[in-house]
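Shown next, in structure tokens, is the structure this report addresses.
Remember, it's 1-based here, ligands and their atoms both numbered in the order they're listed. Keep in mind that the numbers below use all heavy atoms, side chains included, and drop hydrogens, waters and symmetry copies.
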Amino acid sequence: MTTLTVDASRGAYDVIVASGALEQLGGLCASLLGGRRVLLVADDALTASHALSVASTLREADFEVSQTSIRAAEVRKTIEVVANVWDAALQAGLGRNDAIVAVGGGLTGDVAGFAAATWLRGIDVIQVPTTLLAMVDASIGGKTGVNVPLPDLVGGGLGKNLAGAFWPPKLVLADPQTLSTLPERELRCGLAECVKHALLGDETLMTMLQTTGPAIASGNLEHAASLIAQAVAVKARVVAQDEREAGSRMLLNLGHTFAHAIEGRPALDLHHGEAVSIGLVAAAHVGVKLGSFDEASLEALTSLLGAVQLPMELPGPAPASELLERMRFDKKVVDGTLRLVVPCTGGGAVIRDDVSHEQVLDAWRCVGAS
Ligand SMILES: NC(=O)c1ccc[n+]([C@@H]2O[C@H](COP(=O)([O-])OP(=O)(O)OC[C@H]3O[C@@H](n4cnc5c(N)ncnc54)[C@H](O)[C@@H]3O)[C@@H](O)[C@H]2O)c1
């Protein structure tokens, strides 16, 4: 069992990584929460499995449990889904001391977290991530939010997480046993965020990915718990230093400005981690052009992504100019200037606001845009 404590503005919280820990959730909540009512916001694919276990441990700890579910599809990650959770909170009579418990992947956690941030101007949220991606990334750090539709002019689809709030959880409980039901495609998506964390300068995580990543990508979870604990440590360290992304936390967006431009584009049908993988390669090409990342590092990155079966090229046609246009809707654009996180040789990354449109277009072409 690994427990890490993350400093946050609403109070420090623990991130617990332990196999079988789901059963302890009720007891942990009893010592953490002021109220006796909880609203379980569950991924609807998990209502008969992990969400059931969570509801029963909470009931055993004498909580009054109500439940609502969410379909985990990016097109449905909108304000309407948050409004449904508000309705459920109203029906459940959730008061200021009560809490929302999110059980699911990053999508469920983001929606449930945003509902918690806004219900009665903010109630506690407990994150119980059930995807690798949510365990190592989305559940930690308090970013919550939903997508907003983009204009047809840039190909339509969704602007990723454009509306949201920083709302740190009261507890994060990651039980690697819940990953036994996760499809391999989703395991690989989680590995993409682990690769990103490792690129930011964690050599131990990089070595773990090289040695155990390929097996995890094929569904062998023997070494998943130690990989998760190491990746969680990276994320926890960064968000504790810069909760509201005023500086160093921005580096966690490595690859994401590219990823967000393709993830919400319906024709490409990319899951978040897959878009991040392609985004990491595009950002690495920018790094090579700018001289911060050398060719050998680019090769090492693509060889690792290949070994864990992640995509490095767009799966369908997309004009580079349109993708560049979509990047204007990224949250890191300031006064119309694109800010890109670019990797460095030897680990780490830098934020650059001097990347020319031509260099960005070139990077898009390197990953298969026309
Ligand atoms: N808040 C943050 O800091 C942050 C960071 C990274 C990503 N995100 C967000 O997270 C989302 C992506 O998260 P995700 O990859 O977890 O996707 P997800 O929540 O959409 O889950 C992926 C799929 O796995 C299924 N699933 C979840 N747990 C399962 C389990 N244990 N067994 C079987 N199936 C299971 C879901 O039903 C879904 O089909 C995106 O919306 C992204 O924007 C947020």
Side-chain angles (χ1 to χ4, degrees), residues 6 15 22 41-54 69-78 81 102-114 116-117 125 127-148 158-169 172 174-194 196-197 219 221 224 231-232 235-236 238-239 242-245 249-250 252-256 259-260 262-264 269-277 279 310 330-331:
V6 182
V15 181
L22 218 57
V41 178
D43 181 320
D44 74 356
L46 310 180
T47 47
S49 54
H50 310 308
L52 211 57
S53 310
V54 169
S69 57
I70 289 179
R71 226 190 94 215
E74 278 302 318
V75 285
R76 313 235 337 212
K77 187 185 177 186
T78 59
V81 183
V103 182
L107 192 148
T108 305
D110 279 8
V111 168
F114 189 38
V125 62
Q127 295 281 356
V128 183
T130 62
T131 63
L132 179 58
L133 188 142
M135 288 182 189
V136 300
D137 196 354
S139 64
I140 308 155
K143 273 195 193 177
T144 71
V146 292
N147 301 328
V148 173
L158 294 162
K160 283 282 301 174
N161 305 327
L162 290 182
F166 286 100
W167 196 247
V172 180
D175 180 347
Q177 279 181 13
T178 61
L179 300 180
S180 61
T181 53
L182 193 68
E184 284 174 18
R185 182 177 181 185
E186 299 302 338
L187 284 172
R188 298 197 274 271
C189 281
L191 290 171
E193 296 285 12
C194 293
K196 178 201 71 181
H197 288 359
L221 295 171
V232 162
K235 172 98 188 211
V238 177
V239 299
D242 176 23
E243 181 178 307
R244 297 185 70 87
E245 203 171 288
R249 184 171 179 175
M250 245 183 278
L252 285 173
N253 290 306
L254 179 60
H256 281 59
H260 287 166
I262 48 179
E263 186 186 353
D269 185 29
L270 286 166
H271 290 195
H272 182 71
E274 294 164 342
V276 168
S277 174
L310 278 163
D330 187 78
K331 294 184 291 303

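Polar contact with ligand 1: absent for T144 (N/O pair, distance under 3.5 Å). Close N/O approach between D137 and ligand 1 is not found [any backbone or side-chain N/O within under 3.5 Å]. Ligand 1 has an N or O atom lying under 3.5 Å from an N or O atom of D43, backbone or side chain. Taking any N or O of N161, backbone or side chain, at least one lies under 3.5 Å from an N or O belonging to ligand 1. Of the N or O atoms in T108, none lie within a sub-3.5 Å distance of an N or O in ligand 1.
Here the rule is side chain to side chain donor-acceptor pair (under 3.5 Å) with K160, and of E263, H256, H260 only E263 fits it.
A salt bridge links D137 and K235; the closest N-O separation between the charged side-chain nitrogens and carboxylate oxygens is under 4.0 Å. Contact check on K143 versus D110 returns no salt bridge, with no Lys/Arg side-chain nitrogen under 4.0 Å from an Asp/Glu carboxylate oxygen. Taking a cutoff of 4.0 Å between a charged side-chain nitrogen and a carboxylate oxygen, E243 and R249 do not qualify as a salt bridge.
Closest to atom 44 (C) of ligand 1 among all protein heavy atoms lies D110 OD2, 3.2 Å. Protein heavy atom at the shortest distance from atom 39 (O) of ligand 1 is A72 O, 4.2 Å. Nearest to atom 32 (N) of ligand 1 among the protein's heavy atoms is T181 OG1, 2.7 Å. Considering only non-hydrogen protein atoms, atom 14 (P) of ligand 1 sits nearest to G106 N, 3.5 Å. The protein non-hydrogen atom at the shortest distance from atom 40 (C) of ligand 1 is E74 OE2, 3.1 Å. Protein heavy atom in closest approach to atom 28 (N) of ligand 1: T130 OG1, 2.8 Å. Among protein heavy atoms, atom 7 (C) of ligand 1 sits closest to H272 NE2, 3.5 Å. Protein heavy atom in closest approach to atom 16 (O) of ligand 1: T131 OG1, 2.6 Å.
Distance check: C194 SG to L132 CG gives 5.0 Å after rounding to the nearest 0.5 Å. One distance of note links CG of N147 with CZ of R76; it measures 13.0 Å at 0.5 Å rounding. Here the CG-CE distance, from D175 to M135, works out to 6.5 Å after rounding to the nearest 0.5 Å. Distance check, rounded to the nearest 0.5 Å: CG of D43 to CD1 of I70 gives 8.0 Å. Distance check, rounded to the nearest 0.5 Å: CD of E74 to CG of D269 gives 11.5 Å.
Near G105, meaning under 4.0 Å from one of its heavy atoms, ligand 1 places the atoms 16 (O), 19 (O). Residue A45 has at least one heavy-atom neighbour below 4.0 Å for each of these atoms of ligand 1: 37 (O). Within ligand 1, the atoms closer than 4.0 Å to a non-hydrogen atom of K77 are 9 (C), 40 (C), 41 (O), 42 (C), 43 (O), numbered from 1 in the order shown. Every atom of ligand 1 is numbered from 1 in the order shown, and the set under 4.0 Å from a heavy atom of H50 is 31 (N). Each of the following atoms of ligand 1 lies closer than 4.0 Å to a heavy atom of K235: 3 (O). Of all atoms in ligand 1, listed by their number and element, those nearer than 4.0 Å to a heavy atom of E186 are 22 (C), 23 (C), 24 (O).
When only modelled atom types and interatomic distance are considered, E193 and H272 share a side-chain donor-acceptor pair under 3.5 Å.
Across every non-hydrogen atom of V41 and T108, the tightest pair is O-CG2, 3.5 Å.
Considering only residues two or more places apart in sequence or on other chains, R185 meets the salt bridge (Lys or Arg N to Asp or Glu O under 4.0 Å) condition with E274.
Between H271, E245, K160, R185, it is K160 that holds the heavy atom closest to atom 42 (C) of ligand 1. Proximity annotation for atom 29 (C) of ligand 1: of L107, L187, L182, L133, L182 comes nearest, heavy atoms only.
Remark: the backbone N or O of P129 is not paired with any side-chain donor or acceptor of S139 at under 3.5 angstrom.
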